[in-house]
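Proteins come first, then strands; the chains are lettered A, B, ... in the order of their sequence lines, and each starts at number 1. Since this is a predicted model, take the numbers as computed values, not measurements.
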Amino acid sequence: MAMRELVTGAANCDPSASSNPLGALANALVGSSSAKQERLKEIPTTTPAVEGQFFAQPEDHLRAIPGSESDHSLLPANAQGSEFIRRFHAAERGAFEGAWDDIQRANVPSVPHDVRVGINPQLQPTLDGPPQRVLSGLLHSFVDSSRGGLPFRPAQLPLLGLSEGDKRCIRDRSTIMARHFFADKNEDFINAQVNALLHSLDIDSDVRGKGPLPGRFRELEDYWNESQGMMKPGPHVGDAWAAEFNQHRGEQSGPDAWVNSFEQQHGANGWASEFDQQYSQLATVDQMGGVNVPNLAAMEQTRMLAHTLAQNEDPKFQNSKFLQFLSKMSRGELIIDDNQVKPAPGDWASEFQQQYTAGPSWADEYLHRGPDQWANEFAAERETDGALDYQWANEFSKLHVNDWADEFGKQVAEGSLVDNTSEDWANAYNEFWNEQKQQSDGSSGVYVFSDMNPYVGHPNPLKEGQDLFRRGLLSEAILALEAEVLKNPDNAEGWRLLGIAHAENDDDQQAIAAMMRAQEADPTNLEVLLSLGVSHTNELEQAAALRYLYAWLRHHPKYGTLASPDMPESLYHADVARLFNDAAQMSPEDADVHIVLGVLYNLSREYDRAIASFQTALQLKPNDYSLWNKLGATQANSVQSADAILAYQKALDLKPNYVRAWANMGISYANQGMYEDSIRYYVRALSMNPKADNAWQYLRISLSSASRQDMLNACDSRNLDVLQKEFPL
Amino acid sequence: MPIFKTPFNGYSVKFSPFYEDRIAVATAQNFGILGNGRIHVLALPPSPGAPFPEIAAFDTADGVYDLAWSESHDSLLVAAVADGSVKLYDSSLPAASNPLRSLQEHTREVQSVDYNPTRRDSFLSAAWDDTIKLWTVDRPASVRTFKEHAYCVYAAAWNPRHADVFASASGDCTVRVWDVREPGSTMIIPAHEFEILSLDWNKYDDCVLATASVDKSIRVWDVRSYRAPVAVLNGHGYAVRKVRFSPHRGSLMASCSYDMTVCLWDYMVEDSLVGRYDHHTEFAVGVDMSVLVEGLLASTGWDELVYVWQHGTDPRAP
């Protein structure tokens, strides 16, 4: 294959045409993505507040704000508010205060509550008194404990008289903040820190301030929690227990009364037996995950300790006043300083303390090692595997999903429950799993073969594929070439042509996957390397693109000397661009070098240079349709959508079945706001390759932008007949 | 350059878009965990070393987590308050006449506000109740509520060019891009594996945004191809709390972190970390870059100090 056709397949440099799902917004974005620098943020100037500038006429405004119709129905502005605004409009700038005062005076007898809210904020008592100073110090040391991940060990605090609202604030906010501070710790550590804080403040340590830990697997967790909820009378065993406990604590004034009433209800050993009972239920839950609670706890402790010790602390943190607070707190100095009256602990109190310390830790353990543990493990496993979902998938399949799901179902059934909970859950899980799998297909570089390939068994599928490709029947050519590489998996040429066909058919993911197989078969094939470089550029994957372009240079018989023989650890754009500029000086008549330079400048978004490079290349190779497409895509990226259309037209004149150019044409029209026109081009592209997913997405955007909602159904059901009839080209 | 001591812990600092020598600072007592809040409006001192003249100060019953200057009126401010309210202040009026409005709709702490720079008549609030709300200065209730995130929303930022487009960053590890003309979000970017605390749009390329995460990294994304980030900037030692694009240079960004530093980045060059300031002695949580004076930076942190300095100089220099 001649060098001339080197880059045939990797035609598109328009990042906006890369295959990712764009939402409806993209029109606004992609549409003018081109106008990169034309309009900077206008700097507002100091203008006097003339009428209507600060508070515009409310009625106009309500209509003017887009999106308002999507939410609340319009609320009537409250009487005083609109009065204020009206007067404000009437008022000159200096009269603003007067207007406000007037309204205030006029309404003094009956000030509507909602307008006055916040005008005189009810400040909280400033936290300056001795008990407050203690609290302040405690919060300091809590925040401080985040440095180096020291376990937070507050000393016993005197009673502070915090309100329920205060307690809730402390609990919720410290939980959420702790998750930010201790990002590299696990949820258990975070909860331990927060619990320590709450405990010392005598705040209910039900630390689910804001839901379970956030993560990718929330859906699963929610399902899990739901199914858990169905299994137990309350939302959580721990909760139910704690609630009951609290209730008793609240109702009964004296310790004896509490004990008595409890014994009345549950017998002398009632508490213990109830605890056992619930614990055994928990154990069931935990068995399911194959997790042993005590062991895990011990392991966790060890790991945490090790982690803390291993942590190399920044000297700056050591000097932090927080850290000093922390050490002071642990020595109890702060308490002595403030010397508050401590509540005299009676017998009951200490007994209670004993049980209490046992209680919450048990509850916590359940809460965070029970259902969440499973999810955590699941998430952790995923994290370690990173993007390589395949490995993860394999490991997971070793766990025998079905067996596990069955067991889950069985256990749920044994718990005499509505059976379909587990089924729902399992189904949802499967759905989610499939989704994950699909997503991973996109980026994993695994080639996905078509089902039902009529060319399998064909005597010479490669020749057939080449013929079909030449005739521009890309989808057919792809099938034939797939048959070829199924037959001869080591045929670099087959894979390469397959990759090119996919790229021309506007599917960069498949193109990359095929090209990677081609490269495996023939690691130094220049055409393959260049194609991979271009396809990765289309996907905006700079590092990968640079790697392939550099490899191209290194394996090139003429320019190989320019590149150092071993691949540098990390490639920088500037270095690679310099090498290619050198190459261009060596042989200015080599169009390929100018093409690579154009691609490189696309990568760094230097579109003017990219355009210049492609134009130079086109002078050398005026009949290269993919080059015209590249020029068009670059022009589209740098504001020149009208020029881009001319370039695409040129490409289509040379190769009428060039799906990508048809789609790009549509994008350029959409960029100029000519949505009806863009629709025609998308439909044309799709009629040639109905599998071009991104073209479907662009089409959908253009349909909504052109207010052709009537055709959205046809688009969603991919009904090309209807669309072609409606939008002939 | 000047240093201002706030009585409470600093949470956010913003340069006025109208006056080159004016800033506003949001503060909260006890790191915003419990206590009052205060908003300071400050003029930069005429000479370095002189004290900051305080133009106005407003007290609130709960911590102030963020604020935003109006883009349409030179004295108007929007504040995000931890009690779930969004409050409008006019810094030219006495404290007794403020706030002009208290918009109480969020059910949890409001973490950030952003004023629309193109329409200039509306603003967004992002809150821990998992929602973003759209407001205008002239309405007593929100125009719209955006509820799709599955966890706290920590930031929402308007696109600098498209008046109806904004992005939001959440603890659910995603960024969502929204067009207020559409019923739902139009794009979901799974930007980090950990919570995302901040985001900002490139002021020169309306398709590029940066996200800051608890995973210590800043990532730059192109919304046209979000499968992989355009750049990953590592260098902070703890969660990155805020990221802001420069109003003057397309690829320049400022960030601040729980590692107590303020960093400057150029995501287009090889060594992306182009500046590091170590002046705070506690978590650095607020940073801003002046629109009117190129290279002028401001930062605040939990050491109760506000610094304003020119890039390249020592913030602590007198």
My understanding is that only residues two or more places apart in sequence, or in another chain, count here; which of them pass side-chain hydrogen bond (donor to acceptor under 3.5 Å, both in side chains) with B:Thr131?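 With sequence neighbours excluded, B:Thr131 shows a side-chain hydrogen bond (donor to acceptor under 3.5 Å, both in side chains) to B:His106, B:Asp129, given in chain and number order.
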Report the residues that fulfil side-chain hydrogen bond (donor to acceptor under 3.5 Å, both in side chains) with B:Trp221, sequence neighbours left out, ordered by chain and then residue number.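 Only B:Thr211 meet the side-chain hydrogen bond (donor to acceptor under 3.5 Å, both in side chains) criterion with B:Trp221.
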Heavy atoms, side chains only, cut-off 4.5 Å: are A:Arg605 and B:Val230 in contact?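 Yes, their side chains come closer than 4.5 Å.
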Between A:His180 and B:Tyr154 (judged by ring centroids, cut-off 6.0 Å), do the two rings come close enough to count as a pair?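 When the ring centroids of A:His180 and B:Tyr154 are compared, they turn out to be within the sub-6.0 Å range.
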Could you walk me through whether A:Met177 and B:Phe283 pass the side-chain contact (heavy atoms from CB on, under 4.5 Å) check? CA-CA 12 Å; A:Met177 286 179 185; B:Phe283 292 165; over 6 Å; no
Against chain A, label [X] side chain, backbone, both or neither, depending on which of its atoms sit under 4.5 Å from a heavy atom there.
X: B:Val208; result: side chain
X: B:Ile188; result: neither
X: B:Ala82; result: both
X: B:Asp83; result: backbone

At a heavy-atom distance under 4.5 Å, which candidate from B:Pro229, B:Gly32, B:Ser70, B:Ala228 has the highest pair count against chain A?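 Most heavy-atom pairs within the cutoff with chain A belong to B:Gly32.
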With a 4.0 Å cut-off on N to O distance, would you call A:Arg173 and B:Glu109 a salt bridge?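 A salt bridge is present here (some side-chain N lies under 4.0 Å from a carboxylate O).
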Stepwise side-chain contact (heavy atoms from CB on, under 4.5 Å) test for A:Ile176 and B:Arg108: CA-CA 12 Å; A:Ile176 286 180; B:Arg108 298 290 309 268; 4.3 Å; yes
Taking all non-hydrogen atoms of both residues, which atom of A:Cys169 and which atom of B:Ile33 are closest, and how far apart?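 Closest approach of A:Cys169 to B:Ile33, heavy atoms only: CB-O, 3.9 Å.
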Hey, could you give me the CE/CD distance between B:Met268 and A:Gln542, rounded to the nearest 0.5 Å?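 B:Met268 atom CE to A:Gln542 atom CD measures 9.0 Å (nearest 0.5 Å).
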